[in-house]
Amino acid sequence: MLKDTLNWYSRKMQQTSPTRMKHHDRTFILDLIAKHKLRVGAEIGVASGGFSEQMYAKIPGLQLTCVDTWAEGEDLQSRTVGNDRAEVRYQNAKERLEPLGATLMRMKSMEAVKQIPLESLDFVYIDACHDFDYAM
């Protein structure tokens, strides 16, 4: 299934896990998720919700949990955004995604994971802080 596809990609690119998918637009991941009929997912790091909105357009029957602090954090990326811009992104995400049925969780991912039942998700798309230590 999807794991086989990622394993194939890793071998083709001569990489070990985690796999870096260079030279691809990330929307091809949505085609893989739809192809393998994965319907229940989470996106970690949502910003204004643009990619989440693309998920809804490409994945039929999607049930998506969107997790983001929408606040200034310790990492350089969120410090440059600041709380004012983070709040605007949160309001944009709400306007975009709540009508589509998304569940928005305004908290750190390690807090959110405690509220999501074990083995209840088909996939998790991680696009939060891009620093290696945070992502891992």
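The first residue in the sequence is number 1, and the count goes up from there.
Within the structure, every pair that satisfies the side chain to side chain donor-acceptor pair (under 3.5 Å) test and touches residues 39-52, not counting sequence neighbours, is listed here: Glu43-Ser52. Each side chain to side chain donor-acceptor pair (under 3.5 Å) pair with one or both residues in residues 92-101, not counting sequence neighbours, appears once here: Glu53-Arg96.
Put simply, CG on Leu30 and CG on Leu38 are 11.0 Å apart, with the number rounded to the nearest 0.5 Å. We find the CG-NZ distance between Leu32 and Lys58 to be 10.5 Å, quoted to the nearest 0.5 Å. Arg89 CZ to Thr69 OG1: the interatomic distance, rounded to the nearest 0.5 Å, is 10.5 Å. Atoms OH and SG, on Tyr125 and Cys66 in that order, are 12.5 Å from each other to the nearest 0.5 Å.
Taking Gln91 as the reference, Glu87 meet the side chain to side chain donor-acceptor pair (under 3.5 Å) condition, with sequence neighbours excluded. Looking at residues two or more places apart in sequence or on another chain, you find a side-chain contact (heavy atoms from CB on, under 4.5 Å) between Gln115 and Met105, Met107. Take Val40 and apply the side-chain contact (heavy atoms from CB on, under 4.5 Å) test, not counting sequence neighbours, and it matches Gln63, Leu121, Asp122. Applying the side chain to side chain donor-acceptor pair (under 3.5 Å) criterion to Lys37, with sequence neighbours excluded, gives no partner residue. The ring-ring contact (aromatic ring centres under 6.0 Å, His included) test applied to Tyr56 returns no partner, not counting sequence neighbours. Partners of Thr103 according to the side chain to side chain donor-acceptor pair (under 3.5 Å) rule, which considers only residues two or more places apart in sequence or in another chain, do not exist here.
Contact of the Leu64 side chain with the Met55 side chain is registered, since non-hydrogen atoms from C-beta on lie closer than 4.5 Å.
Nearest heavy-atom pair, Asp68 versus Ala47, reported as atom, atom and distance to 0.1 Å: OD2-N, 3.0 Å. The heavy-atom pair separating Ala93 from Trp70 by the smallest distance is CB-CZ2, 3.9 Å. Val67 approaches Ala112 most closely through the heavy-atom pair CG1-CB, 3.7 Å.
Residue Ile33 is grouped with residue Phe28 when hydrophobic side chains (ILVMFWY) are merged at heavy-atom distances under 4.5 angstrom, including chains of intermediate members. Residues Leu62 and Leu100 fall within the same hydrophobic cluster, defined by Ile, Leu, Val, Met, Phe, Trp and Tyr side chains chained together at heavy-atom separations under 4.5 Å. At a threshold of 4.5 Å between side-chain heavy atoms, the hydrophobic network of Ile, Leu, Val, Met, Phe, Trp and Tyr places Val124 and Val113 in two separate groups.
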**Study point:** Step-by-step side chain to side chain contact (heavy atoms under 4.5 Å, CB included) determination, Val46 to Phe51
**Key:** CA-CA 8 Å; Val46 178; Phe51 193 63; over 6 Å; no
Point to revise | Steps toward side chain to side chain contact (heavy atoms under 4.5 Å, CB included) verdict (Ile44, Asp127) | key: CA-CA 6 Å; Ile44 312 301; Asp127 189 26; over 6 Å; no
